[in-house]
Amino acid sequence: MSIQVQNITKLYDKQKALNNVSFEIGSNEIVGFLGPNGAGKSTMMKIITCYIPPTAGQVKVCGYDIAEQSLEVRRQIGYLPEHNPLYLDMYVKEFLEFVGGLYKVKEIKKRVREMIDMTGLQIEQNKKIGALSKGYRQRVGLAQAMIHDPKVLIMDEPTTGLDPNQLEEIRALIKKLGKEKTVMLSTHIMQEVEAVCDRVIIINKGEIVANDETHTLQQHTSKQIVTVEFDSVVAKRDLEALSGVEEAIATDTNTWKIIASLQADIRKELFNYAVKNNISVLTMNKEEQKLEDVFKKLTKNQ
Ligand code: ADP
Ligand code: MG
């Protein structure tokens, strides 16, 4: 296990930012930590990376305890904080050498060259960080997070503020890194998780509300809802007997909401049923419920 979080609670004075949170992340997984603003994502990441202590609970990173072995924990972790604080007056290479020095990296110059190649910073390597675009600054942030070759990479909203092209490039880079590292990234964007992550942990108001493989969550939660209006009375049990239908709910006279799995060809089923029983279909509409909707449902304010 790369990250084990057990019963973590964090209070800022009286405000509870995390409430008894537990989860595990295995090695070489890319896990999305998803939640709306204020959910507690950054707080959790700061605890895992030893920047702030929890009020209660235990975290282990690669088997090392954050409270008792923080030096070892830091050695295992590369961290890209939320606003990616960088020294804007420093040059890219100079900055990476400086960070490498902090970690006592051996053969620093060689390692910096490797990081520059890996993150695609070749053209920009002799510029001042302040002169770089947001996308390139994120690359510098990733390079500094990776310089000591950590096993675990923790990134707090790594793509926020990037334009669509930069977004795609950084996502591809994260996926590449995920082949060899354990990656935990936070985001408030569902599509990000669908594009990048093997698993998703959804957090809301300091509590975990879902923890599942991305495709499992997609399968279990993706539904189609077909609204159909017939010209005469039909029986609920007839509709629910159609292949793929999970539930038929009468919403109006002769109007039904049919909930079905995404794979089912439910409109064809309904037409055939109507024809067979000499009924006319007056209107039919299909909507899909996507992971995005699940996220909204799980994290909407009560
Ligand atoms: P997220 O990263 O998901 O947006 P945060 O972890 O930053 O959420 O914040 C969780 C909650 O804790 C929020 O309500 C936030 O206002 C509060 N919070 C975060 N940091 C502090 C702090 N240093 N002092 C007081 N409250 C804080
Ligand atoms: Mg945050």
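What you see is a predicted model, and the numbers here were worked out from it, not measured in a lab. In each ligand, atom 1 is the first atom listed, and ligand 1 is the first ligand listed.
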Q | T159 and E192 side chains, donor-acceptor separation under 3.5 Å | A | yes

(Q) With heavy-atom distances below 4.0 Å as the criterion, list the atoms of ligand 1 near A39. (A) 1 (P), 3 (O), 8 (O)

Q | Shortest protein heavy-atom distance from atom 8 (O) of ligand 1, along with the residue and atom involved | A | G40 N, 3.1 Å

Q) Any N/O of K41 closer than 3.5 Å to an N/O of ligand 1? A) yes

Q. With distance as the sole criterion, is a donor-acceptor pair present between the side chains of D156 and S186 under 3.5 Å?
A. yes

**Q.** Pair E72 + R75: basic N to acidic O under 4.0 Å
**A.** yes

**Q.** Y103 six-ring face occupied by R74 cation (under 6.0 Å, within 45°)
**A.** no

Q | S42, any N or O under 3.5 Å of ligand 1 N or O | A | yes

(Q) Counting only heavy atoms closer than 4.0 Å, does ligand 1 sit against the backbone of Q15, its side chain, both, or neither? (A) side chain

Q: Under the salt bridge (Lys or Arg N to Asp or Glu O under 4.0 Å) rule, what do R237 and E240 come out as? Steps first, then yes or no, please.
A: CA-CA 5 Å; R237 66 170 184 287; E240 289 184 345; over 6 Å; no

**Q.** Salt bridge present between K93 and E97 (N-O < 4.0 angstrom)
**A.** no

Q | Ligand-side contact atoms (ligand 1) for residue partner A17, heavy atom cut-off under 4.0 Å | A | 11 (C), 12 (O)

Q.
Distance under 4.0 Å to a non-hydrogen atom of N37: what atoms of ligand 1 satisfy this?
A. 4 (O)

Q. Are any of the heavy atoms in G35 under 4.0 Å away from ligand 1?
A. no

Q) Please state which protein non-hydrogen atom is closest to atom 10 (C) of ligand 1 and give its distance, to 0.1 Å? A) G38 O, 3.4 Å

Q.
Between K181 and D149 (salt bridge meaning N to carboxylate O under 4.0 Å), is one present in this structure?
A. yes

Q: Assess S42: does it contribute an N, O or S atom lying under 2.8 Å from the Mg ion (ligand 2)?
A: yes

Using a 3.5 Å cut-off and no angle test, enumerate the donor-acceptor pairs between side-chain atoms of residues 256-285 and protein atoms at least two apart in sequence or in another chain.
{"unit_1": "Y273", "atom_1": "OH", "unit_2": "D238", "atom_2": "OD2", "d": "3.2"}
{"unit_1": "N277", "atom_1": "ND2", "unit_2": "Y273", "atom_2": "O", "d": "2.7"}
{"unit_1": "T283", "atom_1": "OG1", "unit_2": "E229", "atom_2": "OE1", "d": "3.4"}

Q.
To check your reading of the model: name the closest protein heavy atom to atom 9 (O) of ligand 1, its residue, and the distance in Å.
A. T43 OG1, 3.8 Å

Q: State whether E124 and R139 are salt-bridged, where the test is any N-O pair (Lys NZ or Arg NE/NH1/NH2 against Asp/Glu carboxylate O) under 4.0 Å.
A: no

Q | Side chain, backbone, both or neither: the part of P36 lying under 4.0 Å from ligand 1 by heavy atom | A | backbone

Q. Can you tell me which residue and heavy atom of the protein come closest to atom 19 (C) of ligand 1, and the distance to 0.1 Å?
A. Y12 CE1, 3.3 Å

